[in-house]
Every structure is written in C-alpha cells, then in structure tokens.
Amino acid sequence: MSDEHDIDRCVSLLACGGVVAIPTETVYGLAADASDEQAVLKVFAIKQRPLNHPLIVHLGDAGWLGDWTCDIPESARILAQAFWPGPLTLVLNRHPGVLPVVTGGQDSVAVRVPDHALTLRLIRALGRPVVAPSANRFTRLSPTSATDVREELGAAVDFVLDGGPCRLGLESTIIDLRAGTAKLLRPGAIPAERIEDTLHEPLVRGESAARVPGQHPLHYSPSAGVSVIPLEDLYSRAVSLSREGLRVGVLLPPDITCTDLSSEVRIVSIKVPAAIEDYASSLYRFLRSFDQQGCDIILASLPDAHGLGAALRDRLLRAAGPRA
Ligand code: TXA
Ligand code: MG
C-alpha cells in the first residue's frame, strides 16, 4: 500500500505533466492534470484510446463543480449531495475553460468525486482535478488492483499509487443531466433504482449522442472470447467445447447444481458469489483469472437485471461483443 510520501511524489509528477495510476472505489484510473493538455494527450496515447472519446474529470469536492461545468441543474446538486464522494458520474454542460481535449471536443463534460482516501488527498493536494479513464488499454478489462495496472500498463505510467483492491470493482454509473431529464448513459456501481428514488423520477434509458467508448460494442474484454448463454445450456455447452479441445472458463451461478464439471480436464469453473455486490466486485478479477489460466473461451449466463445486475449484464454483454 502507498503512503503519504507516495502521494507527495504523485502530486509532483502530476504537477509537471506526468501520468500516474490512481486507486478509486470503482476501478484504477490513469490520471493526468485535467488542466494540462500535453499530459491529457499522454493518457490517450498510453490507453491507445481514440481522441474523440471524452474523459471523466475527477474533482476534489462538489464545490469545484462551478469551475468545470455550467448551468448546473438542481438535480445535479441533489445527486452530488446524495452520492459524492462516490461512484456516480454526472454529464453537464462544459465550462468554457475546460480543455477541448478532455471532452473530445464536445460541449458537455463528465465529472465525479471519487471515494478513495489516497486519491482524494492527492487531488486536493494538487489543487486541481485530474482526468482519469480506467487504467487499461482501449476495449480491455478495467484493473481493480495495483498489480492489474502494472501487468496492463507496466512502464508506460510514471507511478502506480497502490490503494489496495478496489472496493466496488465496477465503474461508476453515468447520468446525463443536460436535457432537463436524467438519462442513464452507463449502468454502474450505483443501481439506477437508487438514483430514481433520490430524484423521485424515472431515468431515461438510451444511447447518448456522444461517441462513448463505454458504448463501444466490444469493451471490458478479457483475451479469451466470452459467450453469454442461457443458464440451462451452460453445462452442456461447456462440456462440448472442452471435448472439442478448447480450454473453457465457466462462471457458475450460485444456485446451479452441476457438480461434475470439475472432472472435465479442460474446464475451469468459478462459482459466483450469491450476493450481487460480491459478484460485481469480483467480476473483472474472475475474467482476468480465466485469462491467466489460459482459457480460450469464457461462458457466462446473465444475472437478473435489477439493481447491480443491470451493470453486470452490461459488462458481460459488452465483453461478449463482436471482435475485430
Ligand atoms: O468508475 C469510473 O468511472 C472510472 C474511475 C477511474 O473513475 N473511470 C472510467 O473512465 O470508467 P472511462 O474513461 O474508462 O469511462 C468513462 C466513460 C466513457 O464511456 C466515456 O465515453 C464517458 O464516460 N464520458 C466521458 N465524458 C463524457 C461526456 N461528456 N458525455 C458522455 N459520456 C462521457
Ligand atoms: Mg474504461
């Protein structure tokens, strides 16, 4: 785990245009000073992310909103009050001072206050926000530990601030508040129902007009192919693929009772935790472990869509998206 000395070092690195990996409660981020165009460009280069895909600006406090956004609606204040620091990203009108490179040239900007003690201290000591996309290469799995970041990005980053494993393990929920309504752009670590209860209105569901990588059909992907299949076919599909010679990873739902998968030599199975919060915080770790065990394909069925299940379904379906 990193300490006060490491935070000071990261502040110095960020202040002179460096890029450091930072822990958050969701996933690790790849941070640069949001006011430094060259540093932000380095983030795009390291991630190999197209320049027209906007980044989230991580604020030290909700009080910083006025310097980064305009026309702040009452709903933003209510949500910030209820969920910040925390895994909620708000899309608002961009303040004219925000660098176009941060927003992919759009007139909106995404902002959140992360809920991790080390990173909050870092941002507040820097005195300015950092951009922080997830610290993975474009379309790949988000890292949920400092080790994941080192394996994914290695020497490409100036420093990895180690804040331990991420508490939630799934990215923030993104809500667009610009059109006088609240629109869900990405299901995430705060279930949509909790936001609806707080706003006393239903969220609009649908695609954003922005070109967003979270909506790229292939995203959050391990190296192994992922196949989402009905629960009743999980067992037979795993057995037939392994008998074709493939090494198969299977995410077994907690209530499934097929005990004899372990006797199949080329099948690696992980029983997912019964509590959906535990499943959400472990999903990327499970997918990574299938890669590490050399699986060719990963089979999963979808959890129910309520609560955190919506975000899990979204990530599994995107991991199973079309490959180039
Ligand atoms: O939990 C998280 O949100 C993590 C941690 C590190 O904070 N960050 C993260 O960043 O997931 P990234 O870049 O991997 O995903 C950010 C998502 C993308 O889908 C991006 O397109 C969307 O936010 N986004 C950023 N700015 C936007 C904007 N102005 N309008 C619509 N979507 C935006
Ligand atoms: Mg990402």
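Start at 1 and go down the list; that is how both ligands and their atoms are numbered. All figures in this text were calculated on a predicted structure; none of them were measured in a lab.
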Ligand 1 versus [X]: contacting region, heavy-atom distance under 4.0 Å:
| X | value |
| --- | --- |
| Leu55 | backbone |
| Glu25 | neither |
| His53 | neither |
| Ile174 | side chain |
| Arg112 | side chain |

Are any of the N/O atoms on [X], whether in the backbone or the side chain, positioned under 3.5 angstrom from an N/O atom of ligand 1?
| X | answer |
| --- | --- |
| Gln106 | no |
| Ser134 | yes |
| Thr24 | no |
| Glu171 | no |
| Lys47 | no |

When you compare the side chain of [Y] with that of [X], does any pair of heavy atoms fall below 4.5 Å?
| X | Y | value |
| --- | --- | --- |
| Arg9 | Ser2 | no |
| Phe44 | Asn52 | no |
| Asp176 | Ser108 | no |
| Arg121 | Glu4 | yes |
| Leu88 | Ile175 | yes |

Could you go through Arg288 and Asp148, starting from their C-alpha distance and side-chain angles, then the distance that decides it, and tell me whether this counts as salt bridge (Lys or Arg N to Asp or Glu O under 4.0 Å)? CA-CA 9 Å; Arg288 249 171 231 284; Asp148 294 347; 3.4 Å; yes
Distance (rounded to the nearest 0.5 Å) between [X] [atom1] and [Y] [atom2]:
| X | Y | atom1 | atom2 | value |
| --- | --- | --- | --- | --- |
| Arg124 | Leu59 | CZ | CG | 10.5 Å |
| Leu99 | Arg94 | CG | CZ | 8.0 Å |
| Phe159 | Leu14 | CZ | CG | 11.0 Å |

If the threshold is 4.0 Å, N to carboxylate O, is there a salt bridge linking [X] and [Y]?
| X | Y | answer |
| --- | --- | --- |
| Arg128 | Asp33 | yes |
| Glu196 | Arg205 | yes |
| Arg167 | Asp115 | yes |

According to the side chain to side chain donor-acceptor pair (under 3.5 Å) rule, which pairs have a member within residues 54-79, sequence neighbours left out?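 Checked against side chain to side chain donor-acceptor pair (under 3.5 Å) - neighbours excluded - the pairs reaching residues 54-79 are Asp71-Asn93.
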So, at under 2.8 Å, which protein N, O or S atoms would a careful student list around the Mg ion (ligand 2)?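 As for protein N, O or S atoms lying under 2.8 Å from the Mg ion (ligand 2), they are Ser134 OG.
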For [atom], state which one of [options] supplies the nearest heavy atom.
| atom | options | answer |
| --- | --- | --- |
| atom 10 (O) of ligand 1 | Pro114, Gly29, Pro133 | Pro133 |
| atom 33 (C) of ligand 1 | Ala31, Pro54, Gly169 | Pro54 |
| atom 2 (C) of ligand 1 | Ala110, Ala189, Cys166, Ser172 | Ser172 |

Has [X] got any heavy atom lying under 4.0 angstrom from an atom of ligand 1?
| X | value |
| --- | --- |
| Ala132 | yes |
| Val91 | yes |
| His58 | yes |

Where do Ile298 and Leu287 land on the side-chain contact (heavy atoms from CB on, under 4.5 Å) test, with the steps shown first? CA-CA 8 Å; Ile298 298 166; Leu287 296 177; 4.0 Å; yes
Which of the numbered atoms in ligand 1 are below 4.0 angstrom from a heavy atom of Ser108?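 This gives 28 (C), 29 (N), 30 (N) as the contact atoms.
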